[in-house]
Structure formats: C-alpha cells, structure tokens
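The chains referred to below are lettered A, B, ... by the order of the sequence lines, with proteins before strands, and numbering in each begins at 1. The figures that follow rest on heavy atoms only: side chains count, while hydrogens, waters and symmetry mates do not.
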Amino acid sequence: MPLNAGGKLTIVASSGLGALGSRDGLPIAYNWGLPSIAPLLLPWLAILGLLALKPNHGWSAWWIWLPLAGLAAGWHCLELALQSLRTGLPEEMLEVLLDIPVALAFGLAAVWLLSNYLRQQHHLLTFLCLLLTLAGFSLLVAVSWSLMTTNSLQVGIVLAVGVLVSSVALSLGGLICRGRYRPLGLYLWLFILLAVVWLVIVAPSFLFALMTSGGRIAWNELFVPVLAVATVNFATLLPFLILSSASPFFRERLKALLHVKPEVPPPLNMPLSDAQLKT
Amino acid sequence: MVSLEYQETDYSVINWGVSLTMQTVPFKKEPVAASGKIVRGVLNFGADSSNSIPFVWQRDAGKLYLDLNRNQDLTDDPAGVFLAGKRFTYACETFTNVHLLFNTASGTCPVLVDIEFWDYGSRPSCNLAVRSFWQGKVTLPGRDWQVGIVQNVLSQKGSFENSRLLLRPWEKRSQSFNAYDGSLATVPFSRKLFIDGHACQLEWITGSQNGEAKPALQFTEQSVPLGEVKITGQFIRRLVLPGGPYLVVLDQPAASVQVPTGSYNQPDIRLGQNGAEAFCQSGQSQLGRRVSVADKTPAVLNVGGPLTNSVTASRHGRDLRLDYRLVGAGGETYQLANQDRSQPPEFAIYKGDKKVASGKFEFG
C-alpha cells in the first residue's frame with residue numbers, strides 16, 4: 001500500500017459478468033492505519049548502534065552508510081523496474097526476493113563494523129563468529145521487515161544459504177589471500193568462491209532431479225541459475241569490498257577479518273657491521 | 001426400460017488418477033528394449049485385480065505396451081502398442097485412443113481412454129481421460145431426456161454405485177460435457193430421482209449378450225408427498241438438491257417449485273443468461289446447513305443470480321490483503337464457466353474520490 005493511503009478507504013472489485021450481474025461490485029469500506037515505521041527503521045538503528053561502539057568512533061566508520069544505502073536504493077529501484085516490466089512474478093514475491101540481498105547487506109555492514117570483535121586466533125572460530133553475526137543481522141532485517149510472513153520457509157532457506165555461502169566464501173578468500181592483500185585478486189577469488197560454493201550446495205538436488213528425470217534436464221538449468229545467484233551475491237558484497245579498498249580504516253578491518261598477514265615494513269638502510277664487512 | 005448404447009466421444013467425460021504398481025523384474029515376455037528409461041508395472045483399476053493391466057512404458061522412445069489380454073506376455077497384443085501423441089520437455093506423454101475391456105459381473109465392458117503418463121519426481125504417475133459412456137433416451141411425461149452412465153472404472157467389479165448419471169434434455173445430446181465441469185449435466189448416480197416434477201425409482205439392469213455387458217436403466221414413476229420450495233434468485237438453468245430422500249434435479253425452475261418433502265444438502269447450481277454462465281458447487285463445505293422441505297410450510301432457497309463481485313480486506317503486517325469472491329443472492333460462491341484467466345477480476349482502492357491503488361487478483 002502506498003504510504004499516503006492511510007485512513008478510510010473504499011475498495012471495489014470488478015469483473016465482466018455478462019448478463020449475470022454488474023461489472024462493479026458493491027464498495028466496501030476499510031480503515032487502513034499506516035503501518036508503524038519502527039520495524040522499518042530498526043535495522044538502520046541497529047547499524048547506528050554499532051557505530052556507537054568504541055572501535056567505530058571517528059568519522060571513518062560512518063562511510064559504512066555509503067554501500068548500505070546504495071544497495072538499499074539500488075535494489076529498490078530494480079524492484080520498481082521489474083514491477084513495471086510485468087515479469088509475471090507476483091508483486092509480493094518480487095518484493096521478498098529483492099529484499100533478501102538487502103537483508104544480507106545489513107548483515108555485511110554489521111560484520112564490517114564488528115570485525116575487531118569477530119577476529120579470533122583460529123580461522124574456524126573467526127568463521128563461526130562471522131557466520132553468526134551475518135545470520136543474526138540478516139535475520140533481524142527479515143523479521144522486522146516482515147519478509148518472513150509470506151513464503152517464510154522459502155525466504156528463510158534462501159537467506160540462510162546466502163549467509164552460509166557468503167561466510168564460507170569470505171573465509172576461504174581470506175585463506176587464499178592471506179599472504180598479501182591484493183584487492184583485485186580478492187574480488188576475483190570471492191566471485192569464483194561464491195559461484196563454487198553455490199554450485200556445491202545446489203548440485204545435489206539438481207543431480208537428484210537429473211537422475212529421476214532420466215537425464216532429461218539440461219545442464220544449463222544448473223549453471224545459469226547458479227551463476228545468476230552468485231552474481232547477485234557478489235553484487236551485494238562488492239560495495240563493501242570497494243569501501244575496504246578505498247578506506248584505510250575498513251581496509252585494516254577486512255585484513256584483520258580475513259587473517260591477512262600485516263605487511264612487513266621495508267628494511268632500513270643500516271650500515272653494515274665490521275663482521276659483515278670482513279666476510 | 002431404457003437400453004443403453006455404448007458411445008465414444010472426442011472429448012473426455014471424466015478423468016481418473018490410476019494407481020500404479022511398479023516393478024523392476026521384467027514380465028514373462030517383453031518387447032525389444034529401446035534405449036533410455038523403461039518404466040514397467042501394473043495399472044490398477046480399483047480393488048479387482050482381474051482388471052489390472054501390465055504395461056511397459058519406453059519413455060524415451062515414447063512407446064507404451066499394454067498387456068490387454070493380461071497374460072504377462074506383452075508381445076502378443078497387437079492392439080496394445082501405442083505411440084505418444086503429445087510430448088513435453090519433461091517426462092509427460094499422452095497415448096490416445098486406447099480401447100480397454102473391463103470384466104464386470106454381466107460381461108466385458110469396453111472403455112475408450114487417453115492415457116497420460118508422468119515421470120516427475122520419485123515415481124511415475126498415470127491419469128486416464130475417459131472418452132466413452134453409456135447412453136439412451138427416456139421419455140418422461142412431456143419431455144425426452146438423454147440418460148447415461150459415466151462409469152467409474154476404479155469401482156468394484158460391476159458396481160455402478162460411484163458412477164455419474166448423465167441427465168439432460170434430449171436436444172442437448174450433441175453438446176460436450178465433463179462430469180466435473182460445473183455444467184451439472186451429470187449428477188451422482190441415485191436410485192431415487194426427482195426430475196421435471198416426477199419422482200422415479202431408478203434401477204440398474206445389467207444384461208449380457210455374447211459375453212458383453214448390455215446395461216439398461218429402468219424408470220418407475222412413484223408417488224411421494226411434496227412440499228413447496230421458494231427460490232429467490234434468478235437465471236437458474238439447473239439446480240440439484242442432493243442428500244435428501246430423492247436426488248432432486250430442477251431445470252429452469254420457477255420461483256416456486258414442488259419437491260419431495262425431506263431434508264437436503266445445499267444445492268449445486270448452474271446459472272446462465274445470454275451466453276454468460278456460472279456454477280456453484282456446494283460440495284462438502286456447507287454440509288452443516290440443511291434445507292428442510294415440509295408439506296405445509298414453504299422452504300426458501302435464497303440462491304441464484306444476480307451475481308455480485310465481492311471483495312474482503314484484511315491486514316497482514318504491512319500488507320492489505322484483498323480476497324475476491326463471486327457471490328450469489330444468498331452469499332453462495334460461484335465460478336464463471338469458461339473463465340478467461342488472462343482477464344482476472346480487478347480491484348480499485350479509493351481514498352475519498354481519489355484512486356490510490358488498483359490491480360488484478362491472482363488465481364489461487
């Protein structure tokens with residue numbers, strides 16, 4: 001419902017009935033109270049709360065709004081565009097599907113802001129902390145934006161798998177790039193890892209369908225959707241990666257989270273000792 | 001007495017899902033194996049295993065072999081080999097013009113079917129589109145009627161308890177029908193029938209000729225106490241009152257009609273006016289609401305047209321949910337016959353005089 005539609009509404013159903021009745025039905029009245037804005041604001045307030053933490057003091061941390069707001073606005077525009085294109089998908093489903101990446105984006109923003117706390121001595125512990133934070137904040141968005149009220153099971157599964165895949169890809173990306181932080185290499189690896197992890201998760205059910213259909217399902221019915229989902233997943237992650245490349249504050253956060261070794265400072269030009277000179 | 005003749009059609013008169021017993025062990029004799037998936041098993045028709053038919057479906061080759069003589073040899077049935085007509089991307093194939101013979105208590109009984117096999121998911125499934133029925137002509141005082149039986153091929157051997165009775169004016173005999181298309185051309189078979197103001201005892205007579213079943217129907221007019229029913233709605237083409245002492249079938253009833261006294265379930269109704277048609281099948285949903293017809297006090301049936309497009313609104317979180325119903329004079333729910341699904345009902349929401357939202361309802 002549009003936000004300006006609060007108050008007493010009159011609703012009319014119409015359909016051609018020929019000689020059996022009138023096209024327009026009897027109007028009904030419905031008093032529509034505007035939904036509370038608090039649940040909509042809750043995820044934003046949660047991020048604001050994280051900015052109040054001591055490690056996030058200073059304006060550098062506030063750059064986190066840029067990828068988050070950009071993603072929220074971008075997906076909303078995409079939703080409006082797809083609605084106007086009449087894809088055939090029910091509007092309600094389209095809205096839910098496109099809100100899932102935004103929920104994931106809030107989870108990523110939380111991870112970026114909490115990375116000082118999430119980094120543990122062991123990679124596995126860091127992975128678990130990352131997973132729980134991502135899952136917790138994404139779920140908070142899903143629940144407060146009522147994404148779970150319609151098609152709860154499907155939304156829950158897609159979001160949970162998205163969280164798991166993102167966490168695994170980030171952890172594996174950290175392992176691969178732990179020797180040296182190279183932004184472009186990390187981007188590329190993360191895209192490959194997202195695609196591979198999605199493929200590993202989806203492949204068993206595809207193979208089962210393939211076997212039961214006697215091999216009648218084309219392989220592109222596996223690869224095309226996996227590539228599409230991995231691309232959407234990567235598009236959600238990319239703005240945060242770019243932020244980490246552009247901002248020294250978040251670069252250090254990401255490097256800490258991914259267990260990238262600190263770069264060794266170049267050796268100073270010290271005069272050689274007598275012993276060295278002799279040899 | 002009305003002798004019934006076997007009649008084949010080019011449309012399906014009823015559809016049935018058939019249970020399959022799958023097996024991996026080959027039959028005694030099988031056709032040469034084709035490449036691709038082979039599905040073999042038995043088509044089960046009700047509890048009577050003597051009517052079951054072994055089959056081999058060469059899915060990728062689009063071939064179906066039926067063991068019509070039921071001897072586990074699928075190579076000696078020349079009339080039992082079929083090529084798929086319609087094939088889809090996935091495993092769904094239709095085999096048309098399949099003539100089956102069923103054993104009944106009074107002899108063999110032919111049935112023409114289209115068989116549709118599906119192989120989605122874990123196990124194949126099968127649907128039958130029946131394209132034959134038994135029909136004849138009966139003259140009740142003042143009018144000729146086409147009567148017939150749409151046999152339930154899944155019923156017990158020789159039983160017609162779960163069959164459908166075709167009952168329509170003789171002049172409509174060339175029109176296509178389906179037992180569940182809302183036309184109400186067929187009604188559940190009942191031994192006590194009240195039609196066109198006549199109460200009849202209906203008997204099913206199963207004769208035999210050269211080992212083949214020769215069914216017939218016997219109508220015996222009866223005298224029963226009647227009560228008045230006032231019908232408030234309009235445009236009623238047919239109204240069927242089930243669940244009472246007689247199955248009452250009223251065609252284009254007047255505002256006041258006489259029917260056998262007793263208690264009935266809510267009616268099934270077919271409406272029609274200038275080419276527009278709709279139907280209401282009360283089914284099990286309104287079993288609690290009975291219609292009582294007594295000999296002294298008139299009963300009132302508040303059903304029929306005109307129809308009204310109705311919407312109800314309810315809140316679901318941030319969403320306003322709208323539910324559509326097409327309702328009749330008494331609030332009963334109708335469905336348009338031949339509904340064009342590309343033109344679903346629409347809604348418009350106004351705040352004052354300003355339209356703030358509009359859209360189309362989705363089916364489901």
Side-chain angles (χ1 to χ4, degrees), chain A residues 1-37 39-40 83 86 88-93 95-96 99 143-150 208-218 221, chain B residues 36-37 39 59-60 89-91 119-123 234-235 271-278 305-328 334 336 339-340 343-354 356-359 361-362 364:
Chain A
M1 285 292 294
L3 285 173
N4 62 347
K8 191 180 173 189
L9 304 176
T10 306
I11 307 167
V12 184
S14 59
S15 177
L17 303 178
L20 292 174
S22 306
R23 179 175 177 80
D24 286 343
L26 295 174
I28 61 156
Y30 189 84
N31 204 7
W32 172 252
L34 283 177
S36 166
I37 203 162
L40 293 177
Q83 276 172 13
R86 298 189 183 280
L89 279 174
E91 203 169 295
E92 203 174 53
M93 183 179 280
E95 192 178 315
V96 167
D99 279 346
V143 171
S144 54
W145 287 2
S146 307
L147 302 183
M148 307 287 269
T149 54
T150 45
F208 178 74
L210 190 69
M211 280 189 293
T212 52
S213 74
R216 286 200 172 191
I217 305 176
E221 291 189 33
Chain B
K37 188 171 180 180
V39 178
R59 202 194 62 179
D60 292 18
T89 313
Y90 296 111
D119 190 21
Y120 290 136
S122 56
R123 53 176 292 136
Q234 305 168 34
F235 315 138
L271 302 183
Q273 181 74 357
N274 296 342
E277 295 193 61
L307 300 181
T308 306
N309 291 305
S310 147
V311 61
T312 52
S314 56
R315 181 179 204 115
H316 289 258
R318 287 186 291 155
D319 300 328
L320 178 63
R321 177 174 163 170
L322 301 179
D323 289 300
Y324 171 85
R325 273 200 321 138
L326 181 58
V327 296
Y334 286 85
L336 284 178
Q339 170 88 57
D340 178 3
Q343 300 284 322
E346 298 173 353
F347 65 86
I349 304 178
Y350 297 88
K351 187 178 175 187
D353 292 333
K354 188 184 171 194
V356 291
S358 63
F361 289 94
E362 288 166 14

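- Two residues are said to be in side-chain contact when any heavy atoms from C-beta on lie closer than 4.5 Å; L20(A) and N274(B) fail this criterion.
- Looking at heavy atoms from C-beta onward, K351(B) lies out of side-chain contact with W32(A) at the 4.5 angstrom threshold.
- Among the candidates S15(A), G21(A), G18(A), the residue making the largest number of heavy-atom pairs closer than 4.5 Å to chain B is S15(A).
- Between chain A and the options F235(B), Y334(B), Y324(B), heavy-atom pairs under 4.5 Å are most frequent for F235(B).
- Ranked by heavy-atom pairs under 4.5 Å with chain A, the first of P345(B), P344(B), G305(B), G328(B) is P345(B).
- If you measure heavy-atom distances from S314(B) to chain A, the contacts under 4.5 Å come from the backbone alone.
- For the options G16(A), G33(A), P27(A), heavy-atom pairs under 4.5 Å to chain B are most numerous at G33(A).
- The choice from S22(A), P39(A), A19(A) that makes the most heavy-atom pairs within less than 4.5 Å of chain B is A19(A).
- With sequence neighbours excluded, the residues forming a ring pair (Phe, Tyr, Trp, His ring centres under 6.0 Å) with F347(B) are F361(B), listed by chain and number.
- Considering I11(A), L9(A), T10(A) in turn, T10(A) is the only one that fulfils the side-chain contact (heavy atoms from CB on, under 4.5 Å) rule with Y350(B).
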With side-chain contact (heavy atoms from CB on, under 4.5 Å) as the test, would you mind laying out the steps for L26(A) and V311(B) before giving the verdict?
-> CA-CA 8 Å; L26(A) 295 174; V311(B) 61; over 6 Å; no
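- Looking at E277(B), the atoms closer than 4.5 Å to chain A (heavy atoms on both sides) all sit in the backbone: N, CA, C or O.
- With sequence neighbours excluded, no residue forms a side-chain hydrogen bond (donor to acceptor under 3.5 Å, both in side chains) with D24(A).
- Contact of L336(B) with chain A is made through the side chain alone, with heavy-atom distances under 4.5 Å.
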